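Since we're looking at a predicted model, the values are computed, not measured.
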Amino acid sequence: MQAFRMDLERAVTSLGFILAVAGIIIALAAGSFTGLWVDMEMVKEQGLEFGYHWQMLKRGLQSEAFTFALPILCTLGFGGAFLEERKSGFYKFALPRYGRRTYVLTKVIVNVLSGGLAMWIGVMAAALIYWAVYAPMEINMEIAGLTGRVSDVMYEATGVLHSNMFLLLLQWSAMAFLMGGTWAGVSCLFAILYENRYMAYGAAFLISYLLIILLSRFFDHIYIFNPREWFNQSHYWEGGNLGVMLMLAECMLLLILTDWILMSRRIAPA
């Protein structure tokens with residue numbers, strides 16, 4: 001437990017983790033404003049449509065900027081930790097103290113948590129920023145119901161107009177967490193296989209890019225593994241967001257198990 005606490009604290013207080021959170025906010029902002037045009041004079045006179053800040057967040061999550069930035073950013077907090085300790089020889093002192101099983105499991109789980117938490121915090125922070133900036137400029141729910149000036153996302157969860165989007169935000173942030181954890185697990189897998197820092201920080205992006213190109217152009221029928229599809233869901237998904245989360249959770253657990261086995265074989269027994 002002490003090893004887990006120390007590694008998790010090391011991960012979430014690192015400069016890489018902070019940069020990852022900031023990077024996600026920037027990527028979401030870039031995706032939200034790409035191709036967007038707003039008549040500021042009309043906004044001053046009539047206000048923004050109801051739910052505009054949620055629509056902005058959704059645009060960011062579905063954007064190319066977010067899709068391509070996430071696999072890189074999720075590795076910054078803890079992606080190269082195992083390789084650094086292996087290169088410096090520190091793991092030889094840690095193994096006798098914690099045991100090989102505890103040491104390896106801690107490294108694998110903290111790596112996944114670091115990637116997922118950076119994405120989760122980034123999405124929640126972006127949602128808070130959008131709410132603070134745009135919500136005061138939106139028309140209220142009663143006027144929106146009469147005039148029909150309601151963003152599409154306000155109908156997404158239930159099919160009827162509603163004002164409580166907190167549940168949908170939790171789904172979005174949970175999906176971002178699972179995506180970050182999954183890509184962090186992919187990065188860890190290639191770092192173990194090749195024992196290379198460049199693979200630790202870049203392999204997830206390369207795999208993501210290849211999946212997007214191959215599945216979008218040649219294998220559209222296996223769209224569930226296309227990173228573009230996870231937030232856009234242009235094809236059928238059983239359960240919608242919940243179906244995506246279940247698929248990502250299964251991939252993440254499989255990667256944790258694989259990384260655990262491979263990392264255990266890479267280090268000498270204590």
| said: Pairing donors with acceptors under 3.5 angstrom, does anything connect the side chains of Tyr130 and Ser32? | reply: yes
Under 3.5 Å, which donor-acceptor pairs do the side chains of residues 199-211 form with other protein atoms, sequence neighbours left out?
unit_1, atom_1, unit_2, atom_2, d
Tyr201, OH, Gly80, N, 3.3

| request: Check whether more than 12 heavy atoms from other residues, nucleotides or ligands sit under 6.0 Å from atom CH2 of Trp131, and answer yes or no. | output: no
| task | Please report the shortest heavy-atom distance between Gly79 and Asn111, naming the atom on each side. | result | CA-OD1, 3.8 Å
| field | In one Ile/Leu/Val/Met/Phe/Trp/Tyr side-chain cluster, 4.5 Å: Leu254, Val186 | value | no
| query | So among Leu257, Thr258, Asp259, which one has a side-chain contact (heavy atoms from CB on, under 4.5 Å) with Ile261? | reply | Leu257
| request: Begin with the C-alpha distance, continue with both residues' side-chain angles, and end with the deciding distance and a verdict on side chain to side chain contact (heavy atoms under 4.5 Å, CB included) for Trp172 and Asn241. | output: CA-CA 8 Å; Trp172 289 344; Asn241 289 339; 4.1 Å; yes
| field | Full working for side chain to side chain donor-acceptor pair (under 3.5 Å) between Asn226 and His235 | value | CA-CA 11 Å; Asn226 188 340; His235 295 78; over 6 Å; no
| task | Not counting sequence neighbours, which residues clear salt bridge (charged side-chain N to carboxylate O under 4.0 Å, His left out) with Arg101? List them please. | result | none
| field | Side-chain (Ser14) to main-chain (Ala11) donor-acceptor, under 3.5 angstrom | value | yes
| Minimal non-hydrogen separation, Ile224 against Trp230, with atom names | O-NE1, 2.8 Å
| query | Of the options Ile24, Leu19, Ile26, which is the one that meets Leu73 in a side-chain contact (heavy atoms from CB on, under 4.5 Å)? | reply | Ile24
| task | Return yes if some donor-acceptor pair links the side-chain N/O of Gln62 with the main-chain N/O of Phe231 below 3.5 Å, else return no. | result | yes
| message | Taking Glu9's backbone N and O only, do any of them form a donor-acceptor pair with Thr13's side chain (distance below 3.5 Å, no angle check)? | response | yes
| Under 3.5 Å, is there a donor-acceptor pair between the side chain of Ser216 and the main chain of Ile213? | no
| task | Could you tell me whether a side-chain N or O of Glu195 sits under 3.5 Å from a main-chain N or O of Leu83, the two making a donor and an acceptor? | result | no
| field | Qualifying residues under side chain to side chain donor-acceptor pair (under 3.5 Å), relative to Glu250, sequence neighbours excluded | value | none
